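First the proteins, then the strands, lettered A, B, ... as listed; each starts at 1. No experiment lies behind these values; they were computed from the predicted model shown.
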Amino acid sequence: MTGYFVRRFLLIIPTFIGITLLVFAITRVVPGGPIERLMTQIQLGGETGSLERSQGGGTLSDEQMEELKRYYGFDKPMLSSYAIWLKKVLQFDLGLSTRYQDPVWQIIKERFPISIYYGLTTLILTYAVCIPLGLAKGMYHGSALDSWSSAVVFLGYALPSYVIGIALISMFAGYWDIFPLGGFISDNYDELTLWGKASDIFSHSVLPLIAYLAGSFAVTTLMMKNSLMDNLSADYMRTATAKGLSRSESVRGHALRNSLIPVATSFGSNISLLLGGSFLIETIFNIDGIGLLGYEAIIERDYPIVMGILVISSLLYLLGNILSDICVALVDPRIRFGERSGS
Amino acid sequence: MTLFKNPVAKKRWQRFRQSRRGYYSAWILLGLTLCSFGAEMLANNRALLVVHEGKVHFPIYGDVLTGKDFGLDYNYEVNYRELKKSLSNKDGWLIMPPIPFGPLETDLIAGDFPPHAPSVDTRHYLGTDTSGRDVAARLIYGFRTAIVFSLLLLVFNYGAGVAIGCMMGFWGGAFDLIFQRIIEIWSNIPFLYVIMIVASVITPGFWTLLFIMAFFGWTSMTWYMRTATYKEVARDYVMAARALGASGPRIVFRHILPNSVSTLVTFVPFSVASGITSLTALDYLGFGLPPPVSSWGELLKQGTENLEALWLVGSVVVAMTVILMLVAYIGEAIRDAYDPRKFSFYE
């Protein structure tokens, strides 16, 4: 089994190269890359202030063009500039942002705490709400609690979380003005007391958290309920009842543990949410996390950041998938990965 | 069509009909989709039917009629809403569609800035958007775009998935191994992010966007088809067919596919829903279909930028809720029909 996971970890490498090469090729081949963007920026007279207007008619001289192309590796063929890029990535150098002229890694690192805050809270809330709710729904199938919560669960199941986010922000922030319109903290955050700071963060994060939760809530609750119901009709539950255990005792002692297995399979996918956030929700609520950074980078054609986020999110995704399998193997001793058919 | 005559399929259809909610949802969704194909007759600035001086016109599907044709003093296309007011009984009469505005037509009301609030007087039943276009009309046309897009996407994805998955399962060996790696790379690509990157650099139209999304999304069905084919290949009837001298294609198309494809139906509603939601998300982020195509995502974007105009967000959210709930009910019913769960417990 260790061999299986070692192989899985090694497989990350070709997969990672495949993903990044694909996207790298796309950003190279299509027009409108960073050089063109820099040129228009200069032609506009350095509006953003990051670059001085060059003397003359506002176009780049051939020398400057060559220099820029060399800097971004556009002068070389695609594969060799990819190799240079990959080598830099291995040295933890994601390059300089074309927009801010800062190291990409530093820009991404600054956004981590916000994404981790939302990711972790969502993770904890999801499991704290969904597992008990799924249990109650499974045990009291057909009761009032079950049918009422089913309506909510079904809504969350059918609607994507960004639609729920938009509905929430327009109702509770736009129309009723109960919660702020977005952002992570207020402008006057530094002047607030400790209590004020806490309630400020809280009021800013209620709506996004509901939207984040809506995404995973329905799936996890239904999964928990269905797997519990499968287990309730299993033979070992008949044995437990036959030996005299009450229903709640037999559920607690036997069915619960077995029904957690499918829930464990989805655990790993949380790791990418934990750090990556969701573009849509961060864009809707204007939260300065990694998702919004990626979105802005795409609009601004800031490819070093785009590639940097791709590197981080695909690595997290790959690791998350393996983590899921490890979780499943830990929870379910019957599962032996990679040991079928005598291999 | 032997596929629909076998007793298992009949039983599944029976069970699907029995779950009333899913069955009626399917009819409603089918009805809405068919209605949206006739969107020109529901929301249009041209009249459905004009009777003028003894002549009958169907302006929606006919030639462009100018003001001169109706004895007015201008030479460009006639404004049917005003024509209706000016036509007196003796000249003729006309019938307008229920929503008398086209999806791209701006209708600015004097003394007010768009977006205009919903009102029965102006006949903007769901108001207008920020450039004065009728929301109800755009909602109907946007639904048509979304449903056609996601159905086409489904055809592409399933076509590629079934073909490649089936080949992987049937041939096995090196072909299987190579495609396993390719699919692993593909399924690990952050879908939305990469689509955004690609869409930001080539500003796609309808077909380009469809192609991009199919290019990155075709893997979803391959794993399923591969396993199903592997299972079927190992069965005795395939061996019997081989012994009779059946060729590879014949075994695949006559024996394996009919036995494995039917279960794909259970995934269809979820693929339709995800097609609609991802198209809307891309449009919302500004990487979807180019303006001025009517789309739900673009309306959502306007709505979040103008939160005081609640009818923008409200109408899209309600429309999406209705459609996606219908789809989810259908999906639930199909799944129940394929895999009926009988719930029981001991106490």
Q | Stepwise side chain to side chain contact (heavy atoms under 4.5 Å, CB included) check, B:Y284 with A:V163 | A | CA-CA 10 Å; B:Y284 174 77; A:V163 172; over 6 Å; no

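- Heavy atoms closer than 4.5 Å to chain B are found in both the backbone and the side chain of A:Y295.
- Looking only at distances, a side-chain donor or acceptor of A:Y162 sits under 3.5 Å from a matching main-chain atom of B:T277.
- Counting heavy-atom pairs under 4.5 Å between each of B:T304, B:T280, B:V194 and chain A puts B:T280 at the top.
- Distance NZ/B:K301 to OG1/A:T283: 7.5 Å, rounded to 0.5 Å.
- Remark: B:I197 CD1 to A:I298 CD1 distance equals 5.0 Å, nearest 0.5 Å.
- To the nearest 0.5 Å, atoms CE (B:M196) and CD1 (A:I299) are separated by 7.5 Å.
- The closest side-chain heavy-atom distance from A:L155 to B:M325 is below 4.5 Å.
- Contacts with chain B were tallied for A:I169, A:I164, A:I17, A:I284; A:I284 has the most, counting heavy-atom pairs under 4.5 Å.
- Here the closest non-hydrogen pair linking A:A167 and B:V317 is CB-CG1, 4.0 Å.
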Q: Determine, stepwise, if the pair A:F154 / B:Y329 fulfils ring-ring contact (aromatic ring centres under 6.0 Å, His included).
A: CA-CA 9 Å; A:F154 208 78; B:Y329 283 143; 4.9 Å; yes

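- Between chain B and the options A:V23, A:I309, A:I166, the largest number of non-hydrogen pairs under 4.5 Å is found for A:I166.
- Heavy atoms of A:L310 lying under 4.5 Å from chain B belong to its backbone as well as its side chain.
- With a threshold of 4.5 angstrom between heavy atoms, B:S274 does not approach chain A through any atom at all.
- Within the 4.5 Å cutoff, side-chain heavy atoms of B:L310 are placed close to those of A:S170.
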(Q) Applying side chain to side chain contact (heavy atoms under 4.5 Å, CB included) to A:L280 and B:L192, what does each step give before you reach the verdict? (A) CA-CA 10 Å; A:L280 284 158; B:L192 194 60; 3.8 Å; yes

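- Contact of B:A281 with chain A is made through backbone and side chain together, with heavy-atom distances under 4.5 Å.
- Interface residue A:V306: backbone and side-chain heavy atoms are both found under 4.5 Å from chain B.
- Across all their heavy atoms, B:Y193 and A:I305 have their closest contact at OH-O, 4.3 Å.
- B:W186 has its side chain out of reach of A:T15: every pair of non-hydrogen atoms, C-beta onward, lies at least 4.5 Å apart.
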